[in-house]
There are 2 protein chains.
Amino acid sequence: MPPRARLARERARDAVTAEILDVARAQLAEVGPGGLSLRAVAREMGMAPSALFRYLPHKDALLTRLIIAGYDSLGEAAEAAEAAVHDAGPAERWMAICHATRDWALANPQEYALIYGSPVPGYAAPQDTVGPATRIPRLLMALLGDALAAGLPVPAPGADAERMHAAIAPLRATMPPEVPDSMVVRGLIGWTHLFGAVSFEVFGHRTFDVLDDPAAFFDHEMRLLGGLLGLIPA
Amino acid sequence: MPPRARLARERARDAVTAEILDVARAQLAEVGPGGLSLRAVAREMGMAPSALFRYLPHKDALLTRLIIAGYDSLGEAAEAAEAAVHDAGPAERWMAICHATRDWALANPQEYALIYGSPVPGYAAPQDTVGPATRIPRLLMALLGDALAAGLPVPAPGADAERMHAAIAPLRATMPPEVPDSMVVRGLIGWTHLFGAVSFEVFGHRTFDVLDDPAAFFDHEMRLLGGLLGLIPA
DNA sequence: CCATCGCCGAGAACACTGTTCGCAGTTCAG
DNA sequence: CTGAACTGCGAACAGTGTTCTCGGCGATGG
C-alpha cells in the first residue's frame with residue numbers, strides 16, 4: 001500500500017467527512033441538538049441518506065465529533081482570551097476566562113447546549129471527549145498554580161481537611177503536589193460556578209428571576225466569586 | 001349544566017389524563033426526555049396512539065405537565081427539608097435546601113434533566129411553569145430575609161452599586177424594599193451555584209475532574225458558599 | 001494493459017416517531 | 001327519546017435512523 005497513492009482516496013474521504021461535519025454544525029446552530037437530522041444533512045449535501053453511513057457508523061458518532069469540536073472551539077476562545085491578559089495578574093485572567101466563556105456560549109447557544117446540557121437519550125460520552133472537555137478547568141488550575149507561586153495567600157483548611165483530601169484524590173493526582181487542597185477545591189468551585197452562571201443564562205432560567213442587565217450581573221457575580229477564590233483582593 | 005352530572009364525564013377524563021401523566025413519568029425515568037414517546041405511552045395503556053390526542057393537543061403539552069410536576073416535586077422536597085430545620089438557624093436551613101435539592105436530583109436524574117437541562121428542540125416553556133419553577137429561589141430569598149431580620153451583617157456594596165441596583169430591578173420588584181441589593185445578589189449567587197453543582201454532578205461532568213466522594217465535596221462546597229453569602233460565620 | 005478488488009453512492013425497505021382524519025359507538029342533556 | 005357531544009379506533013402521511021443490495025468507478029496487482 002504505497003502511501004502516495006492512498007492519499008487521493010483518503011483525501012477525498014476526509015473532504016467529505018469534513019463537509020458532513022460542517023453542514024451538521026450549521027444545522028446544529030439552527031435547530032439545536034435533538035433537532036439534528038442525518039437525512040437533512042444528506043439532503044443539503046445532495047447525497048442519499050444511506051451514503052452518510054459510509055462515513056459514520058451511527059448518529060452518535062456525529063454527535064461525538066460535534067461535541068469535541070464544541071469543546072475545542074470554546075476552549076480555544078477561553079485560552080485566547082486568557083493569553084491576551086496573561087501578564088495582567090490573576091484577577092484579570094480569571095475575569096477574561098469567565099467573560100470569554102459567557103461570550104462564546106451566548107454566541108453559540110446550541111453548541112453550548114450540546115456539550116453542557118442534558119445528555120441526549122441513549123448517548124454516552126466516549127473517552128475521546130475527555131481531553132477537550134478539560135481545557136477550561138485546566139486553564140483555571142494553571143491560573144491558581146501561578147497565583148500560588150506568586151504569593152497568593154492560602155486559605156486555612158477547614159475542620160474536614162482530611163476528608164476533603166480523600167475526596168479530591170483523583171484530581172490531585174493530575175496536579176503538582178505542592179498545590180494545597182484548599183486551592184484545588186477553590187478551583188473546582190470557580191469552575192462550577194462559571195458553568196452554573198452561564199448555563200442559567202443560556203438555558204433561559206434567568207428569565208424567571210429576571211435581570212435587566214445580565215452582563216453587568218455576570219461581571220459582578222464572577223468578580224465576587226474571584227474574591228472567594230482568593231484571586232481578587234477584597 | 002348541573003355540576004353533579006357533569007362530574008362523571010369529567011372524572012373519567014381526569015382519571016385518564018392522570019394515568020397518561022403517570023405512565024409518561026414512569027417512562028421518562030427510564031428513557032429520559034427526548035426518548036419519551038407518545039406511542040409507547042399509548043401502548044402501555046392499551047390505547048390507540050391517536051386516542052391520546054383527545055387529552056393532549058400535542059406532545060409539548062405533555063412535556064409541560066411533566067415539567068411542572070417535576071418543579072413541584074423538587075420544590076416540595078426542598079421545602080419539606082427546610083421546614084424540618086426551620087428553627088435551627090440560617091446555616092442549617094441553607095444546607096438543608098442544598099442537600100434536599102441534590103438528593104432529589106440524584107434520585108430523579110431524568111426529571112432533573114427535563115427541567116434544568118437544555119431545552120428540547122422546539123419547546124418553549126409556557127408561563128404556567130414560572131410559578132413552580134421559582135419555589136426554590138423563593139425559599140432562598142425568604143431565608144435571606146429572615147437572616148437579615150435576625151441581624152445578619154449586610155455586606156458592603158461594591159463600587160458598581162448603582163449599576164447593580166438597576167440590573168436586578170425586576171427581581172427587586174418582587175421583594176420587600178428593605179432587603180438590600182447586596183443580599184439579593186447573594187441570593188442569586190447561592191441559587192446559581194446550587195444549580196451548577198447539582199447539574200455538574202447529575203449530567204456527569206464531574207466524571208472528568210473525578211471526585212472520590214462527591215457527597216463530601218458537595219457538602220464542603222455549599223458550606224463554603226454559605227460563608228460567602230454571609231449565612232455561615234467563618 | 002487488463003482483470004480484480006474495494007470503496008462509494010443510490011434506492012428500496014423496515015421500524016419507529018408525532019399528528020390528522022373519518023368513522024363508529026357510547027354517554028350525556030334537553 | 002332524540003340530538004349532540006365526547007371517546008376510541010384504524011388508517012394514513014410525513015418524518016426519522018438504519019440496513020441491505022445493487023451497480024459503477026477508481027486504484028491496484030499481475
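First the proteins, then the strands, lettered A, B, ... as listed; each starts at 1.
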Item checked: Set of side chain to side chain contact (heavy atoms under 4.5 Å, CB included) partners for B/Ala77, sequence neighbours left out -> B/Trp104

Margin query: Nearest whole Å is fine: how far is C/dC8 C1' from A/Leu56 CG?
Written below: 14 Å

Checklist line | With sequence neighbours excluded, residues passing side chain to side chain donor-acceptor pair (under 3.5 Å) with B/Glu79 | finding: B/Arg135

Quick test: give all pairs of protein nitrogen or oxygen and nucleotides 19-21 of chain D nitrogen or oxygen below 3.5 Å, distance rounded to 0.1 Å.
none

Item checked: Under the side chain to side chain contact (heavy atoms under 4.5 Å, CB included) test, residues paired with A/Asp14 that sit two or more places apart -> none

Next item on the list: From the options D/dT7, C/dT19, D/dT18, select the nucleotide whose nearest atom is closest to the side chain of A/His58.
Entry: D/dT18

Checklist line | For the student: nearest non-hydrogen atoms of A/Asp219 and A/His99, plus distance | finding: OD1-CE1, 2.7 Å

Next item on the list: Quick one: list whatever passes side chain to side chain donor-acceptor pair (under 3.5 Å) with B/Gln27, sequence neighbours left out.
Entry: none

Distances under 3.5 Å between protein N/O atoms and the N/O atoms of nucleotides 3-5 of chain D, please, pair by pair.
none

Item checked: Selection residues 100-110 of chain B - residue pairs positive for salt bridge (charged side-chain N to carboxylate O under 4.0 Å, His left out), sequence neighbours left out -> B/Arg102-B/Glu201

Notebook entry, point to check: Residues two or more places apart in sequence or in another chain: which of them pass side chain to side chain donor-acceptor pair (under 3.5 Å) with A/Asn108?
Noted result: none

Notebook entry, point to check: Got a sec, which residues hit side chain to side chain donor-acceptor pair (under 3.5 Å) with A/His58, two or more places apart in sequence or on another chain?
Noted result: none

Check: Sequence neighbours excluded, which residues qualify as side chain to side chain contact (heavy atoms under 4.5 Å, CB included) partners of A/Phe203?
Finding: A/Tyr112, A/Ala113, A/Ser199, A/His205, B/Ser118, B/Pro119

Notebook entry, point to check: Reckon B/Leu36 touches a base, only the sugar-phosphate, or nothing at all at heavy-atom distances under 4.0 Å?
Noted result: sugar-phosphate

Output side-chain donor-acceptor pairs under 3.5 Å for residues 16-25 of chain A, partner residues at least two apart or in another chain, one line each.
from, atom 1, to, atom 2, distance (Å)
A/Thr17, OG1, A/Arg13, O, 2.8
A/Asp22, OD1, A/Arg25, NH2, 3.2

Next item on the list: Would you tell me if any nitrogen or oxygen in the side chain of A/Tyr55 comes within less than 4.0 Å of OP1 or OP2 on C/dG9?
Entry: yes

Next item on the list: Could you list by number each residue of residues 37-45 of chain B showing a heavy-atom separation from DNA chain D of less than 4.0 Å, or answer none if no residue does?
Entry: B/Arg39

